[in-house]
Amino acid sequence: MQQQLPPKPSSIAAQDQDDIEATAPSNSSSNSNSSSPTPPAAASFDAAAPDDRNPRRRSQSSDRSSLENGVRRLSSILMRRDSAHIGGEGRESGAQSRKDFRFSFLMRGSITWEQLAERRSTGGRRASNLSTDNDFPLAEASNNGTPASRTASHGCFENTVHSTRSTVANCCHYLLRSTKKASRHPRSILLPTLVTFAILAAAGIIAVMHASHQHHKEKSFQLLDEARELAYELDDLLAKALLPLFTLKEMAGQFDEFRELQPEIVDRSNTTYVNDNGRTFRKVTDICTDPEVVDLYQRAAASIMKSSEMGNVLLNIQLQPAGVICLNYPQFTTYPDGTTMDHTQAIGLDGIHDKLQRQNVWESIGTGTVGTTGPLILVQSTSLLDGVDDTRHESLIFWAPIYNENYDVVTFDSEKRFDNFWGFSGVLLDWTEVLARVKLYEFFEERDMKFSLIEIVEGGDDKVVEASLGVEPPLSRDMAREAIQVQARNNWELLVDVPPPKIGEPAWAIWGSVLVLLGSFLVSLALMLFLVSKNDHEELLCRCIPRNIVRKLHAGETVIEKYDLATICFIDIVSFTTMSGSMKAHEVMEMLQILFREFDRLAEKYGVQNAETIGDAYITVSGGPEGKDATNGAASIAAFALDAVDVVKRLTFQDGKKIKIRVGVASGPVVAGVIGTANVPKFTLFGETTARAEEMEKTSLPLQIQCPEETVTLLEVIFGPTMLSSANAGESTATKTRGG
């Protein structure tokens with residue numbers, strides 16, 4: 001519901017009516033013959049006159065009278081403003097119409113006394129519940145009808161901005177003054193600040209670090225427990241291979257067809273040969289391809305593989321009479337990548353005489369334990385036969401010795417005799433599938449841990465089977481946090497190391513440290529500003545003076561350096577005086593700033609020292625102050641000068657202006673020193689070489705580099721005589737062959 005205005009006294013209404021009649025235009029016949037009607041709201045105001053006997057009503061009447069007086073003054077001000085902006089014959093009628101509009105607007109009760117009071121307190125701004133500019137048109141109108149700016153509102157905003165700027169300026173002035181004071185009194189300010197910062201920061205950081213260390217310790221124990229579980233999972237998977245291994249061992253002793261293979265293979269000892277890959281074979285293909293024996297083995301082996309429940313991990317199972325591979329199942333294995341492994345290629349491999357594995361085989365026969373080897377590339381792997389070392393097809397081999405008192409094996413060189421030995425049962429495991437099953441690499445990558453799966457070699461260095469990617473060298477036993485033994489392979493260990501604490505872990509540690517450092521920072525702010533200022537001064541000084549000379553200056557020594565053979569480069573702008581006369585001062589400064597900034601970049605790139613900058617002259621030296629020898633110093637100056645010419649050719653300044661430079665280079669003895677006070681040191685070069693370089697520059701051609709024979713000789717040591725050409729006797733121009 002819209003809020004109505006309280007009753008207004010009839011005297012005010014009558015006075016307002018008189019004002020309206022007095023301001024009516026005299027040239028309007030219709031208005032002159034008839035009196036202006038009294039606004040309807042006036043009668044209602046008289047009928048609802050306040051009761052003066054009620055104190056509360058008297059108070060409301062007093063407040064209302066004050067606001068009514070304010071409305072009257074505001075209306076007269078607005079009317080005067082409108083009259084000032086309206087010209088011609090319609091000046092009075094325009095003022096009258098605007099006053100009629102404002103008073104009719106107020107009398108209709110479209111705005112409350114409280115809202116009007118709010119407008120007065122906010123400098124004429126609209127109340128918050130008015131949505132359009134037409135609700136209460138307090139804005140001034142210009143001659144073209146465009147709303148003018150609200151000067152009161154803008155004045156408040158400008159005062160706020162000015163106050164904020166003043167506050168910031170005062171803070172900056174205070175910090176600058178503190179910095180200057182600290183630079184004048186380093187010992188009296190620095191030491192107390194450091195002590196205060198160290199005490200506050202150390203106490204807080206130690207507490208935070210202790211809590212963070214405890215958190216990391218607990219997390220490390222958890223990661224190690226998870227790594228043990230992974231090792232146990234790998235151990236269990238490898239241990240499953242023992243079931244088909246021992247089943248095949250029992251089967252070999254039950255069938256005469258399999259037992260009788262051993263004597264026949266032993267009799268073929270004279271057929272042993274070594275293939276191109278250095279592996280030892282026997283010619284037993286006719287013995288091991290008997291259809292009846294192969295069919296019997298295939299049916300038995302298929303049943304064993306199915307009952308093992310190892311899936312793709314179990315690659316192949318084999319019978320090896322007399323240690324020679326004879327029967328295997330399956331005969332072919334196809335990998336997901338389409339590569340096929342032909343296991344028949346391994347028939348005849350003599351494990352007892354093969355140099356690669358005979359040591360492990362002999363040890364297994366002697367101890368009666370299960371032998372293992374690998375992971376390795378099998379001889380039957382297609383990739384190995386093609387001469388490609390493909391680790392995707394690595395396999396792990398397990399074998400178990402089979403004993404029978406009726407059979408013996410003697411090596412063909414009579415070096416070893418194995419009594420009551422029939423042969424081996426063997427299984428091949430796909431090592432890639434084993435890693436995929438236990439997710440070895442994924443496990444450690446997710447936890448950001450390092451690992452190494454090693455094979456312990458007695459009397460030798462440990463062999464790394466698998467290790468974390470990108471870690472060089474691989475994790476060793478003395479570097480590992482814990483070594484977990486893999487029981488299925490007695491000589492295997494899983495070495496694990498937990499990651500160091502990361503920044504920001506745990507989250508509360510970083511926030512605690514931030515709070516501690518923040519408090520210490522607030523106390524030592526003046527010191528920090530001083531250190532920044534000192535560092536900037538040091539860097540600026542080292543750009544103008546060689547660093548070794550700066551150290552001598554700090555030590556209070558008198559700096560006089562003599563270089564037996566240094567190279568100096570003078571660069572000067574051609575017709576600089578004429579050019580600068582036709583340019584404004586700031587344009588000249590901008591041009592030199594751009595040019596010398598490029599020269600500074602080249603000086604830093606080639607390691608030459610910017611000795612001086614005098615007007616448009618740029619002087620550099622090398623082969624002495626920065627510690628280079630004479631030839632390298634000359635080469636650096638030459639490279640710097642050539643690139644400087646190229647830079648000038650590419651530069652284009654304001655209004656498309658181009659400049660040209662002359663470059664002079666000279667080599668010889670140079671004396672360098674620092675003159676001036678300790679507060680304003682100046683690095684200066686003296687000697688005949690300096691004058692010679694300046695002379696080379698003055699007589700050089702634009703965009704050319706002129707140097708004497710001494711410099712050419714030094715450059716020939718580096719670049720060779722074909723890279724340089726002499727222009728005239730005594731004066732030479734060094735040129736660089738592009739692409740050379």
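Just so you know, these numbers use all the heavy atoms, side chains as well, and skip hydrogens, waters and symmetry mates. Quick caveat: nothing in here was measured; it's all calculated off a predicted structure.
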*Carboxylate-amine/guanidinium proximity below 4.0 Å for D572 and K698*: no

*Tell me the salt bridge (charged side-chain N to carboxylate O under 4.0 Å, His left out) pairs involving residues 202-215, sequence neighbours left out?*
none

*Nearest 0.5 Å please: distance from the CZ atom of F570 over to the OG1 atom of T620.*
9.5 Å

*Looking at residues at least two apart in the chain, or sitting in another chain, which of them share a side chain to side chain contact (heavy atoms under 4.5 Å, CB included) with R165?*
V161

*Go through the side-chain N and O atoms of Q609 and S622 and say whether any donor and acceptor fall under 3.5 Å apart.*
no

*asked:* Taking atom NZ as the centre, does K628 end up with more than 12 heavy-atom neighbours from other residues, nucleotides or ligands that are less than 6.0 angstrom away?
replied: yes

*Got a sec, which residues hit side chain to side chain contact (heavy atoms under 4.5 Å, CB included) with A483, two or more places apart in sequence or on another chain?*
E493, L495

*Does a sphere of radius 6.0 Å around CD1 in I560 hold more than 12 heavy atoms from other residues, nucleotides or ligands, not counting ones at 6.0 Å or beyond?*
no

*Taking the side chain as C-beta and beyond, is there a heavy-atom pair between D643 and F599 under 4.5 Å?*
no

*Could I get the full list of side chain to side chain contact (heavy atoms under 4.5 Å, CB included) partners for K439, not counting sequence neighbours?*
E442

*asked:* Please check if the number of heavy atoms outside K562 that lie under 6.0 Å from its NZ is greater than 12.
replied: no

*Using side-chain hydrogen bond (donor to acceptor under 3.5 Å, both in side chains) as the criterion, list what pairs up with D564, not counting sequence neighbours.*
none

Cut-off 3.5 Å, no hydrogens considered: what does the side-chain donor-acceptor table look like for residues 573-583, sequence neighbours left out?
from: S580; atom 1: OG; to: F576; atom 2: O; distance (Å): 3.0
from: S580; atom 1: OG; to: T577; atom 2: O; distance (Å): 3.0
from: S582; atom 1: OG; to: M579; atom 2: O; distance (Å): 2.9

Less than 3.5 Å apart, which donor and acceptor atoms pair up between the side chains of residues 206-214 and the rest of the protein, not counting sequence neighbours?
none

*asked:* To check you understand the geometry: which heavy-atom pair defines the closest contact between V712 and C707, and what is its length?
replied: CG2-SG, 3.8 Å

_Of all pairs that satisfy side chain to side chain donor-acceptor pair (under 3.5 Å), the ones with a partner from residues 592-604, not counting sequence neighbours_ = E598-R601, D600-Y618

*Taking atom CD1 of I661 and atom CD of Q704, what is their separation to the nearest 0.5 Å?*
10.5 Å

*Using side-chain hydrogen bond (donor to acceptor under 3.5 Å, both in side chains) as the criterion, list what pairs up with D225, not counting sequence neighbours.*
R228

*Name all residues meeting the side chain to side chain contact (heavy atoms under 4.5 Å, CB included) criterion together with K658; count only those two or more places apart in sequence or in a different chain, and write none if there are none.*
T652

*Can you pull the salt bridge (charged side-chain N to carboxylate O under 4.0 Å, His left out) pairs that have at least one residue in residues 196-219, sequence neighbours excluded?*
K219-E505

_Under the ring pair (Phe, Tyr, Trp, His ring centres under 6.0 Å) test, residues paired with F451 that sit two or more places apart_ = Y441, F444

_Taking P669's backbone N and O only, do any of them form a donor-acceptor pair with T689's side chain (distance below 3.5 Å, no angle check)?_
yes

